[in-house]
Amino acid sequence: MDYQFKDIEKKWQRFWADHQTFKTEDETTKPKYYVLDMFPYPSGAGLHVGHPLGYIASDIFARYKRLKGFNVLHPMGYDSFGLPAEQYAIQTGQHPAITTEANIATYRRQLDQLGFSFDWSREVRTSSPDYYKWTQWIFMQLFNSWYNNDSDKAESIAKLVENFEQNGSAGINAVCDDEVSTFTADEWKALGNHDQQAELLKYRLTYLRESTVNWCPALGTVLANDEVKDGFSERGGYPVEQKKMMQWSMRITAYADRLLKGLDTIDWPEPLKEMQRNWIGKSVGASVRFTIDDLRFTNDENYIEVFTTRADTIFGATFLVLAPEHELVATLTTSEQKAAINAYIAQAKKKSELERMADAKTVSGAFTGSYAINPVNGEKIPIWIADYVLAGYGTGAVMAVPSGDQRDYLFAKHYNLPIIPIIDIQNIETEADPTKDGRYINSDFINGLTYKEATAAVVAKLEEMGAGKAKVNFRMRDAIFGRQRYWGEPVPVYFIGDLPYLIDEKDLPLVLPEVDKYLPTESGEPPLARAVDWKYRTRKSEIGSQKSDLEGANAGKAYEYELSTMPGWAGSSWYWYRYMDAHNDKEFASKQAIEYWKAVDLYIGGSEHATGHLLYSRFWNKFLKDMNLVVEEEPFKKLINQGMIQGRSNFVYRLIDEIGRGTNTFISHGLIREYRTSPLHVDVNIVENDVLNLDKFKKFRPDFADAEFILEKGKYYCGHEVEKMSKSKFNVVNPDDLIERYGADTLRMYEMFLGPLEQSKPWNTNGIEGVFKFLRKFWRLFHDETMKFNVSDDEPTKAELKSLHKIIHKVEEDVERFSFNTSVSSFMIAVNELTDLKCNKRAILQEMVVILSPYAPHICEELWTMLGNEAGTLSYTPYPKFNPAYLIEDEFAYPVSINGKTKMNLNISLSLDAPAIEAAVLASGDVQKYLDGKAPKKVIVVKGRIVNIVI
RNA sequence: GCUCAGAUGGUGGAACUGGUAGACACGCAGGACUUAAAAUCCUGUUCCCGUAAACGGAGUGCGGGUUCGAUUCCCGCUCUGAGUACCA
């Protein structure tokens with residue numbers, strides 16, 4: 001029988017499902033290996049050919065590891081909360097759960113078709129209450145924790161309370177809000193429960209605070225920074241504005257340093273680590289207090305604090321600049337300057353983020369009229385405001401050193417402020433010079449010192465004066481953790497007055513209530529406000545840690561729940577643990593499961609999650625580690641980014657008539673220079689190797705039914721271009737179509753054959769034939785001319801064994817370094833060789849089946865059983881053992897170069913050593929011809945490699 | 001602007017530690033089989049000169065360097081893609 005991929009693939013997909021071939025046990029006899037894919041959001045559009053790229057790679061790796069004797073965890077699930085389902089619900093009134101369910105069914109069908117070896121018994125869905133129960137539970141742990149800088153880890157709030165009760169706020173070194181109170185133990189105890197809770201909220205790892213948020217009116221929700229692009233929402237492209245709002249936040253900044261340090265311990269692509277480093281944005285410097293030269297300010301508030309990374313340049317500081325939003329601006333502004341300052345603030349406020357960015361080159365600012373004192377030299381320097389200083393970074397104020405900082409330089413030039421050189425080699429004629437080389441001048445006690453010495457000396461002096469101290473600043477902000485949306489996890493919190501309280505653990509999961517519409521209420525409250533009688537009722541018998549508020553008059557009352565839901569990244573920040581123990585209803589995963597599987601050994605996914613999912617996941621993981629709930633500091637040991645698959649669009653060229661109208665005549669791409677044409681996207685699915693299928697084109701759109709063509713060599717050639725893959729560009733290729741035509745094994749191998757996994761590349765179906773032909777050729781090795789199964793038990797020859805062992809070794813090497821494209825080529829070479837050798841020996845072919853099975857599992861399962869093996873055993877059979885003895889050659893065709901240019905090959909025994917090889921080469925007639933009687937200047941011989949003769 | 005990645009035939013790409021550049025595949029051209037088409041198979045295919053071959057020359061974005069030898073290492077530049085954006 002010929003290679004019937006359709007029957008074969010259906011048969012084995014069913015077999016794997018029926019026999020649960022890939023169900024993973026949490027056993028400990030084999031070494032474990034955890035291969036994870038980034039789980040998809042099940043969108044309505046289904047998979048396109050770009051999505052499976054990473055899944056195919058991870059599946060090959062997982063299958064390979066099984067053959068190598070590992071107990072492999074290779075699960076899949078769905079990140080099923082999200083905006084598109086909700087948008088659809090708003091438009092149609094359909095409950096997002098229903099849409100989501102339907103989309104998941106499509107995804108599942110498409111994934112199954114590709115023959116993945118997922119253990120579906122462990123499937124997770126972030127939108128399922130069994131799952132989000134634990135997302136809520138983790139939220140509660142965060143609420144009940146604070147970050148202790150002294151132990152450098154998160155600890156229980158109870159411990160903090162204990163400390164307050166014994167010592168007050170003294171000795172607490174926490175990551176917390178800026179405005180925490182100081183109090184004694186007695187003062188603490190004297191506080192009412194309300195005030196105590198309000199104070200504790202400033203320490204909790206998830207907390208409420210008024211924050212400036214990215215409010216998107218069109219979506220009716222708040223967006224995270226990474227969901228906003230250039231002032232517009234990433235999804236939908238709606239305008240985003242800044243708005244103040246009470247929001248849940250996550251104190252991720254507590255982990256900034258650990259998130260940074262951890263990067264050095266994990267095997268991730270360098271660019272991705274770099275992106276996280278930039279995002280965290282650690283800068284080491286100093287905070288410096290500049291006294292305000294104004295008697296109106298009281299003694300303990302008479303300073304402006306700035307952050308600088310160049311404390312060494314402080315003698316060059318000739319003015320201060322505050323952000324227009326800085327809280328001191330109003331008080332600093334003198335009456336003469338009031339008009340100018342107000343005008344400037346008004347103008348700055350009007351400018352959108354986008355305009356501010358485009359305007360980066362223009363210098364603008366205003367003088368407050370006030371002065372400050374430079375602490376190191378007592379100089380009186382003016383205080384300005386300008387929008388190049390950002391309120392959200394550092395202290396929202398800078399000391400301007402125009403000789404060393406280009407923005408300060410431009411500002412000083414524009415407003416005629418002094419520029420003082422502070423380093424002897426500094427050249428500041430046309431621009432600032434931020435050099436750190438040379439020696440200091442005009443700088444009093446650091447004159448003559450080097451950069452390192454000067455920085456230390458200045459910081460020491462400032463500390464001594466009480467005017468500053470060394471400080472580390474981070475660019476990263478606490479992450480906002482709330483959406484005014486319906487389709488997300490409810491926050492397990494209710495309110496008594498203005499204070500949030502956790503619901504009882506027994507009441508988890510807090511299930512998403514039904515609502516009549518998925519829109520905000522008329523008064524602007526989130527959709528959850530529409531739920532009827534959705535209130536938390538406390539029970540006196542089940543009161544928790546914050547008990548005093550639930551007792552007495554409050555017991556049994558109904559309280560408002562938090563109405564916002566969790567953001568998209570909540571459910572994906574811990575899901576890899578759920579796969580370890582997906583059905584546990586006592587814990588998010590059992591201790592044994594976590595201790596066995598530990599962390600993800602290989603994680604494959606796109607780099608677009610670099611600063612979102614991958615950062616938040618590391619944060620939650622570190623927190624869970626601090627709580628002793630998990631065992632590893634880093635969740636993903638090795639990570640690979642699969643490249644993006646871009647679209648490759650095809651174009652037809654419509655002839656334009658004299659008056660500029662499009663006609664119904666189309667010009668082949670090679671001829672368009674001779675005509676006036678306009679390009680038109682054409683569906684790539686009716687184009688093959690850039691040749692248009694004319695009949696299908698006529699059916700593509702009704703107005704093309706009577707299209708005419710000007711052809712080249714009888715064919716219509718299309719033009720092409722690389723663009724984003726999108727429906728509107730008609731360049732979306734659906735894997736279903738390709739599977740229908742060539743089968744999943746061909747598609748799997750072709751996606752790998754396209755090029756290195758990590759490289760972005762345009763999808764191009766040209767060439768898939770080659771892979772398909774390869775599989776047929778492989779099939780034919782097992783069959784005679786009449787397509788009858790025919791395998792012999794004869795002893796293999798030396799040449800056959802050599803081919804086999806070459807590929808055994810090559811595939812091992814390739815898979816270990818994730819170079820899947822090169823192993824596909826090598827398979828082709830091996831099959832070409834075995835075809836030439838007319839090899840049908842079981843001893844060779846059975847091993848070939850095992851080696852190829854991770855790549856093309858269906859055809860291999862079929863051949864495996866045809867060879868007489870038990871069905872389903874292929875996935876767990878041992879990988880063939882490489883024997884280098886079969887590759888040993890006794891002769892090598894040495895390339896002989898003259899002056900580095902290869903001229904010929906000479907067969908020489910590999911047993912000869914260098915001098916003997918040299919003699920043999922020089923004796924050769926062909927070499928003599930080049931030497932022309934002269935002696936060579938030099939002869940380089942690398943045994944087994946090359947001979948180079950220098951003349 | 002900054003950071004990172006990349007540039008090899010008509011196309012996707014290979015060459016892993018400096019050692020035969022262009023493996024493998026697509027496409028194209030020619031041929032076999034066929035009434036024909038499809039499928040399959042065979043041959044050729046970096047470019048230039050020689051218009052058959054041998055042979056010769058050039059060649060991995062550009063310009064230099066190190067080396068017996070460079071796609072690979074170093075310096076400078078150009079272009080493409082991604083991320084980031086006044087971060088003090």
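Residue numbers begin at 1 in each chain, while the letters A, B, ... track the order of the sequences. These numbers were taken from a predicted model, which means no experiment stands behind them.
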Nearest-nucleotide pick for [X], side chain only, options being [options]:
| X | options | result |
| --- | --- | --- |
| A:Tyr388 | B:C86, B:C24, B:C87 | B:C86 |
| A:Phe753 | B:C16, B:C24, B:A14 | B:C24 |
| A:Asn278 | B:G12, B:C28, B:U3 | B:U3 |
| A:Tyr393 | B:G19, B:A5, B:A88 | B:A88 |
| A:Glu813 | B:A14, B:C16, B:A88 | B:C16 |
| A:Thr309 | B:A88, B:A25, B:C16 | B:A88 |
| A:Trp279 | B:G12, B:U84, B:C87 | B:U84 |

Would you indicate, yes or no, if [N] has its OP1 or OP2 atom less than 4.0 angstrom from a side-chain nitrogen or oxygen of [X]?
| X | N | value |
| --- | --- | --- |
| A:Thr822 | B:C24 | no |
| A:Asn764 | B:G13 | no |
| A:Arg407 | B:C87 | yes |
| A:Gln759 | B:G13 | yes |

Could you tell me how far apart [X] ([atom1]) and [N] ([atom2]) are, to the nearest whole angstrom?
| X | N | atom1 | atom2 | result |
| --- | --- | --- | --- | --- |
| A:Met749 | B:C24 | CE | C1' | 12 Å |
| A:Arg475 | B:U3 | CZ | P | 15 Å |
| A:Ile946 | B:G19 | CD1 | P | 9 Å |
| A:Leu757 | B:A5 | CG | C1' | 15 Å |
| A:Met275 | B:A5 | CE | P | 13 Å |

Under a 4.0 Å N-O cut-off, is there an ion pair linking [X] with [Y]?
| X | Y | value |
| --- | --- | --- |
| A:Arg776 | A:Glu769 | no |
| A:Lys282 | A:Asp257 | yes |
| A:Lys273 | A:Asp264 | no |

Please write out each protein N/O paired with an N/O of nucleotides 66-74 of chain B under 3.5 Å, distance rounded to 0.1 Å.
from, atom 1, to, atom 2, distance (Å)
B:C68, O2', A:Asn948, ND2, 3.2
B:C68, O2, A:Asn948, ND2, 2.7

So [X], base contact, sugar-phosphate only, or nothing? Heavy-atom distance under 4.0 Å.
| X | result |
| --- | --- |
| A:Ser283 | sugar-phosphate |
| A:Lys715 | sugar-phosphate |
| A:Pro269 | nothing |

Kindly confirm or rule out a cation-pi arrangement of A:Arg407 over A:Tyr388, judged by NZ or CZ under 6.0 Å from the six-membered ring centre and within 45° of its axis?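 Judged by the rule (NZ or CZ under 6.0 Å from the ring centre, within 45° of its axis), A:Arg407 is not positioned above A:Tyr388.
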
Going by the rule salt bridge (charged side-chain N to carboxylate O under 4.0 Å, His left out), which residues pair with A:Lys810 if we only count those two or more places apart in sequence or in a different chain?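 So A:Lys810 forms a salt bridge (charged side-chain N to carboxylate O under 4.0 Å, His left out) with A:Asp814.
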
For B:A53, give the paired nucleotide (Watson-Crick: N1-N3 plus N6-O4 or O6-N4; G-U: N1-O2 and O6-N3; both under 3.5 Å), or none.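 Partner of B:A53: none found under 3.5 Å.
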
Treating primed atoms plus P, OP1 and OP2 as sugar-phosphate and everything else as base, which nucleotides of nucleotides 36-45 of chain B get B, S or - for protein heavy atoms under 4.0 Å? ---SS-----

